Amino acid sequence: MLDVEKIRADFPMIRNHPELVYFDNGATTFKPQAVIDAVVHFYEYGTSNVHRGDYALSAEADKLYDGTRDIIGEFLNCRPDEVVFTANDTASLNQIVYGLSRTVLKDGGTVLTTEAEHASNLLPWYRLAEERNVKIEYIPTDAVGLISMDDARKAMHDGVKVISVAHVSNVLGTVQPVKELAALAHEYGALIVVDGAQSVPHRKTDVKDLDVDLLAFSSHKMCGPDGVGVLYGKHELLEQMDPLLLGGGMNARFNACGEVTLKHAPEKFEAGTPNIEGVIGLGVAAKYLMSIGMDNIEEYERSLRAYFVSKAKELENIEIYNPDNETGPLAFNGKGVFAQDAAGYLASQGIAVRSGNHCAKILHEIIGTDQTIRASLYFYNTKEEADRCIEAMKGISIENAIGIFF
Amino acid sequence: MDDKSLLSNPEILRELIMDHYQYPHNHALVKDGRYLSRHMSSESCIDDITVQAKITDGVIDDIRFDGVACTISTASTSIMTDLLAGKTLAEAREIVDNYFSMIDGKEYDDDLLGEAVAMKNVYKQANRIKCATIGWNAIKQLMSESEEAA
Ligand SMILES: Cc1ncc(COP(=O)(O)O)c(C=O)c1O
């Protein structure tokens, strides 16, 4: 198990907001000092562009920037040249959709997904469906958005070229059987795309073991800087895919006749000056997580969630939508209280949670409510914080929600 | 309820919001071509309401609304439908401007705002300002639309 007090000392946000219970880690996470230091150090001592200078500083920037590919390679169990840096999970998914639109979906086909996806894993596919002969079909899910492999098998057919799912859903924390889905996709010669925004930060992700073809995630949800995402892709797939962005840094040669020779993956996907300090910070964040151990993180979060759920279940004024999930956020409402009112009340008690439909709008047609409150934990949260949240949840009522204004 | 001392009592204001939330006024849309209509929803805010107004010869005859929204959105819109009905566009604009000043934490004339002063502390919670203004933004847009059409 991990030493949570020692870990908490690494996070300035925790030190600087002792009164705050931050349970909105699904939205973004705090950064440990080591990540902040790496970013600041680059600005104070290391500033230079990558892949272009002829001087020592630039070579050093290259080393740190490309060094993060090695770290992420270790983190995901893949080759460094299978790691593409993007702006965020959303940018990775858009690049994936664009890339596949010109390869396996070039002549049309079906994309299988679920109604529990984040907008970032639906809207790019929707546009493709609008513009091309591409169909979106949904694998049915149960009340917490879980796919059963039986249903997945039934939904699968020869026209399916891509299965695209979130490993862990952002509203309900449901864990999809990604490894089995990957095997199913491959059985039909299809590809599997995984939105790892809510999984990669919280559990060991071994892309070889899962056999995923393409994976997207964001640095900022795993203790790294904002504005950086990762696109993992099997190398031969990346080589076939076209970049969404064109410009400097990604072409090997071009001439005035418009003939362009692109660099190889991963560089060909990284047009323009990247978020160098952000990528360096991501490397430090991934190392930090690995030093704690992804399995330890997962185990700690499981036990913290179980504790939180057991207490929350005792509250008569609270309805929980996903009590039986073992990981991920808790989705709940105060009975008879609009989610935003309840979240406003919790905020007045120093608890940061999120209300809303969490960008997974159609999911609520499945669980039967439009709005929920989401409390999402991370490995630096504690039982004491869970207790404080529970105390505050007891007070959720319309009267108290209005009371915060007086 | 226009006694000023009553409207400065937090207990009364709290109950006022509660009342307008549980029993919103003018809370049903009509199918009537003479009404202008505005659907308001935003990505950042989960409220989703529609406001209708019948404006004839520069006078707001009637305002109605419906939708799913939090206490502050519902109550502020309900109060607005009472307050602005029967006003000329010029009168209404003055009230609306004062209301937005109050919500921005600036000076305002509480004589003009009636029950809407219940929202006077919302400016302290930046994340709820959009709730207190969703219905008021709708009527602002409908008033402009009616002026442009005239
Ligand atoms: C499942 C899922 N996919 C995609 C995203 C989008 O991530 P980002 O905003 O970092 O691109 C999120 C973030 O909330 C998410 O939870």
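No experiment lies behind these values; they were computed from the predicted model shown. In what follows, chains carry the letters A, B, and so on, assigned in the order in which the sequence lines appear, proteins first and then strands, with residues in each chain numbered from 1.
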- Could you grab the distance from atom OG1 of T71(B) to atom OH of Y345(A), nearest 0.5 Å is fine? 14.0 Å

- Do Q340(A) and I72(B) have side-chain heavy atoms sitting under 4.5 Å apart? no

- Task: Give a yes or no answer on whether the side chain of D341(A) reaches the backbone of C70(B) with a donor-acceptor pair at less than 3.5 Å.
- Result: no

- Message: Would you compute the distance between atom CD of E11(B) and atom CZ of F406(A) and round it to the nearest 0.5 angstrom?
- Response: 9.0 Å

- By a 4.5 Å heavy-atom criterion (distance strictly below it), what part of E15(B) contacts chain A: side chain, backbone, both, or neither? neither

- Item | Rounded distance [0.5 Å steps], CZ in F405(A) versus CZ in R14(B) | 11.5 Å

- Does atom CD of E316(A) have more than 12 heavy-atom neighbours from other groups under 6.0 Å away? no

- Message: Would you say CZ of R388(A) has more than 12 non-hydrogen atoms from neighbouring residues, nucleotides or ligands within 6.0 angstrom?
- Response: yes

- Task: Heavy-atom distances under 4.5 Å only: say whether A75(B) touches chain A with side chain, backbone, both or neither.
- Result: neither

- Output for pair (I404(A) CD1, Q125(B) CD), nearest 0.5 Å, gives 4.0 Å

- Close side-chain approach of V68(B) to F338(A), heavy-atom, < 4.5 Å: yes

- Inspect the surroundings of CD in E94(B) and state if more than 12 heavy atoms from other residues, nucleotides or ligands are less than 6.0 Å away. no

- Message: Just checking N16(A): does its CG atom have more than 12 heavy atoms from other residues, nucleotides or ligands closer to it than 6.0 angstrom?
- Response: yes

- CD (E107(B)) with more than 12 external heavy atoms under 6.0 Å: no

